[in-house]
Asker: 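Take this structure first; my questions come after.
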2 protein chains.
Amino acid sequence: MANQSLRQRLGARRPYVLDEQVGFILRQVYQRHAALFMSVVGEDLTTTQWAALSRLHQNGPCSQNLLGRHTAMDASTIKGVIDRLQARGLVERLADPEDGRRLLVQLTEAGREVVSRTLPLAQLVTEQTLAPLNLEERQTLLDCLAKLI
Amino acid sequence: MANQSLRQRLGARRPYVLDEQVGFILRQVYQRHAALFMSVVGEDLTTTQWAALSRLHQNGPCSQNLLGRHTAMDASTIKGVIDRLQARGLVERLADPEDGRRLLVQLTEAGREVVSRTLPLAQLVTEQTLAPLNLEERQTLLDCLAKLI
DNA sequence: AGTTTTTCATATGTAGACAAACATTTCTGG
DNA sequence: CCAGAAATGTTTGTCTACATATGAAAAACT
């Protein structure tokens, strides 16, 4: 109103309200999603571990670093994730015969079982995360978010 | 097309494509934002440290746990954050005379200086994070995200 | 060929993020 | 009033996340 236009005429900005900042909101939405994932999926799987497993399922075996790039993790993060998945027998590392630097990472039989058991639950989590929005809003949200990556 | 309706008639779902899942997208958007924040703000401040500082600036002194709730951090997370801010002299802890359990956390003079120096940069980061969207899209995005907290 | 650069995996250190367990203090219900 | 419940802060352990440094292997270059 009058106040608003006065502020604009003076060149002053809106005050900085933490709860209105994208970053703060994004962190909370992701927190809610991650908590939902853990509680729905069980299996003691984290969202990042699931990203690695589902990427291996979708794309097949892959070098560790490349898998990291395909799951938005840097080299040291993906290493830790694969370490833990390997310790649980869901994944195995093989030397790449074609490149002495690379480790080929692939799902084990147990890993494939976990993936097929988890897939429908992961879909459910996506659905539940978006539950407060209607179909049109969901599409808009995903489109906007995709532009911000 | 024909394929699509066949799948629907059979009750089958769309395949699970990792890159289309909200959780995976959210993580990447937040990563980009956090990296942007660190590079624009400097001061060696993280987004969560900034959340604590700006909340104290906005709301005044506060017990440690309550501050955690106001910044979406659990008790052990906010403790670590305040530990580090205190070690840098940006924040101080006082015993609450009214409640023997509580620690009152408040900004120091140095903390207030960092906040005023950082505020305009934090606004810039918000702006840059949303840069790929027009004004209408930004509002829609924030509205949708707010429903997902 | 040999040198430089890049890539890959690893290691270390710092920082969120949360669960679970704990002691202390405060609040509440009977 | 007093016992049980709840809140506050701390500690420990596990897991992401990244910067930086290192050694080894491959690619690119002259």
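These numbers come from the heavy atoms of this one structure, side chains and all, not from hydrogens, waters or symmetry mates. Residue numbers begin at 1 in each chain, while the letters A, B, ... track the order of the sequences.
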Asker: Taking side chain as C-beta onward, heavy atoms only, is Val105(B) less than 4.5 Å from Cys62(B)?
Answerer: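 No, too far: nothing below the 4.5 Å cut-off.
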Asker: Do nucleotides 11-21 of chain C as a string where each nucleotide becomes B, S or -: B if the base has a protein heavy atom under 4.0 Å, S if just the sugar-phosphate does, - if no protein is that close.
Answerer: B---SSBBB--
Asker: Quick check: does any side chain N or O of Gln49(A) sit under 3.5 Å from a backbone N or O of Thr46(A), one acting as donor and the other as acceptor?
Answerer: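 Yes; judged by distance alone, with no hydrogens or angles, the pair exists.
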Asker: Got a second to check how far Thr118(B)'s OG1 is from Glu113(B)'s CD, nearest 0.5 Å?
Answerer: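 These two atoms lie 11.0 Å from each other.
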Asker: Do Val22(B) and Leu18(B) land in one hydrophobic cluster if side-chain heavy atoms of ILVMFWY residues count as linked below 4.5 Å?
Answerer: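 No, separate clusters.
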Asker: Same hydrophobic cluster for Ile149(B) and Leu148(A), using side-chain heavy-atom links shorter than 4.5 Å among ILVMFWY?
Answerer: yes
Asker: As an exercise, state the distance from NZ of Lys79(A) to CG of Leu67(A), rounded to the nearest 0.5 Å.
Answerer: 14.0 Å
Asker: Roughly how many Å is it from CG in Asp96(A) to C1' in dC8(C), rounded to a whole number?
Answerer: 11 Å
Asker: Give a yes or no on whether Ile25(B) and Phe24(A) share a hydrophobic cluster (residues Ile, Leu, Val, Met, Phe, Trp, Tyr; joining criterion: side-chain heavy atoms under 4.5 Å apart).
Answerer: no
Asker: Write out a two-atom table: protein N or O, nucleotide N or O from nucleotides 22-25 of chain D, distance below 3.5 Å.
Answerer:
from: dA25(D); atom 1: O3'; to: Gly100(A); atom 2: N; distance (Å): 3.3

Asker: Which whole-number value in Å describes the distance from Ile82(B) CD1 to dT8(D) P?
Answerer: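 So the CD1-P distance, Ile82(B) to dT8(D), works out to 15 Å.
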Asker: Between the opening five pairs and the closing five pairs of the helix from dA1(C)-dT30(D) to dG30(C)-dC1(D), how far apart are the helix axes, to 10°?
Answerer: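 It works out to 30° between the end axes.
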Asker: Could you tell me whether Asp143(A) and Lys147(A) have a side-chain N and a carboxylate O separated by less than 4.0 Å?
Answerer: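 A salt bridge is absent here (no side-chain N lies under 4.0 Å from a carboxylate O).
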Asker: Please report the interatomic distance CG(Leu26(A)) to CZ(Arg27(B)), rounded to the nearest 0.5 Å.
Answerer: 13.5 Å
Asker: Please list, by residue number, the residues of residues 58-65 of chain B whose heavy atoms come closer than 4.0 Å to an atom of DNA chain D; answer none if no residue qualifies.
Answerer: Ser63(B), Gln64(B), Asn65(B)
Asker: How long is the gap from CG on Leu94(A) to OG on Ser63(A), to the nearest 0.5 Å?
Answerer: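 Rounded to the nearest 0.5 Å, the CG-OG separation comes out at 12.5 Å.
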Asker: Between P on dA17(D) and CZ on Arg69(A), what's the gap in Å once rounded to a whole number?
Answerer: 17 Å
Asker: Which atom pairs, one a donor and one an acceptor, fall under 3.5 Å between side chains of residues 85-92 of chain B and the rest of the protein, sequence neighbours left out?
Answerer:
from: Gln86(B); atom 1: OE1; to: Arg93(B); atom 2: NE; distance (Å): 3.1
from: Gln86(B); atom 1: OE1; to: Arg93(B); atom 2: NH2; distance (Å): 3.2
from: Arg88(B); atom 1: NH1; to: Asp44(B); atom 2: O; distance (Å): 3.0
from: Arg88(B); atom 1: NH2; to: Glu43(B); atom 2: O; distance (Å): 2.7
from: Glu92(B); atom 1: OE2; to: Gln106(B); atom 2: NE2; distance (Å): 2.9

Asker: From CG of Leu103(B) over to P of dT26(C), roughly how many Å is that when rounded to an integer?
Answerer: 13 Å
Asker: Does Trp50(B) have its ring centroid less than 6.0 Å away from the ring centroid of Tyr16(A)?
Answerer: yes
Asker: Measuring from atom CD of Glu137(B) to atom CG of Leu130(B), what distance do you get when rounded to the nearest 0.5 angstrom?
Answerer: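 Going from the CD atom of Glu137(B) to the CG atom of Leu130(B) covers 10.5 Å.
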Asker: Applying a strict under-4.5 Å side-chain criterion to I, L, V, M, F, W and Y, I'd like to know whether Leu104(B) and Leu66(B) cluster together.
Answerer: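 No, separate clusters.
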Asker: Just how far, in rounded Å, is C1' of dT24(C) from CD of Glu98(B)?
Answerer: 18 Å
Asker: With clusters defined by side-chain heavy atoms of hydrophobic residues (ILVMFWY) lying less than 4.5 Å apart, directly or transitively, does Val40(B) cluster with Phe37(B)?
Answerer: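 Phe37(B) and Val40(B): one cluster.
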Asker: Just the atom pairs and distances: protein N or O near nucleotides 1-5 of chain D's N or O, under 3.5 Å.
Answerer:
none

Asker: Can you tell me how far P of dT7(C) sits from CZ of Arg102(A), to the nearest Å?
Answerer: 11 Å
Asker: Rounding to a whole Å, what distance do you find between Leu94(B):CG and dG9(D):C1'?
Answerer: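 Atom CG in Leu94(B) sits about 15 Å away from atom C1' in dG9(D).
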Asker: Can you tell me the distance, in whole Å, between the CZ atom of Phe24(B) and the P atom of dT16(D)?
Answerer: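 In whole Å, dT16(D) P lies 14 Å from Phe24(B) CZ.
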Asker: With no hydrogens and no angle check, do the side chains of Asp74(B) and Thr77(B) hold a donor and an acceptor under 3.5 Å apart?
Answerer: yes
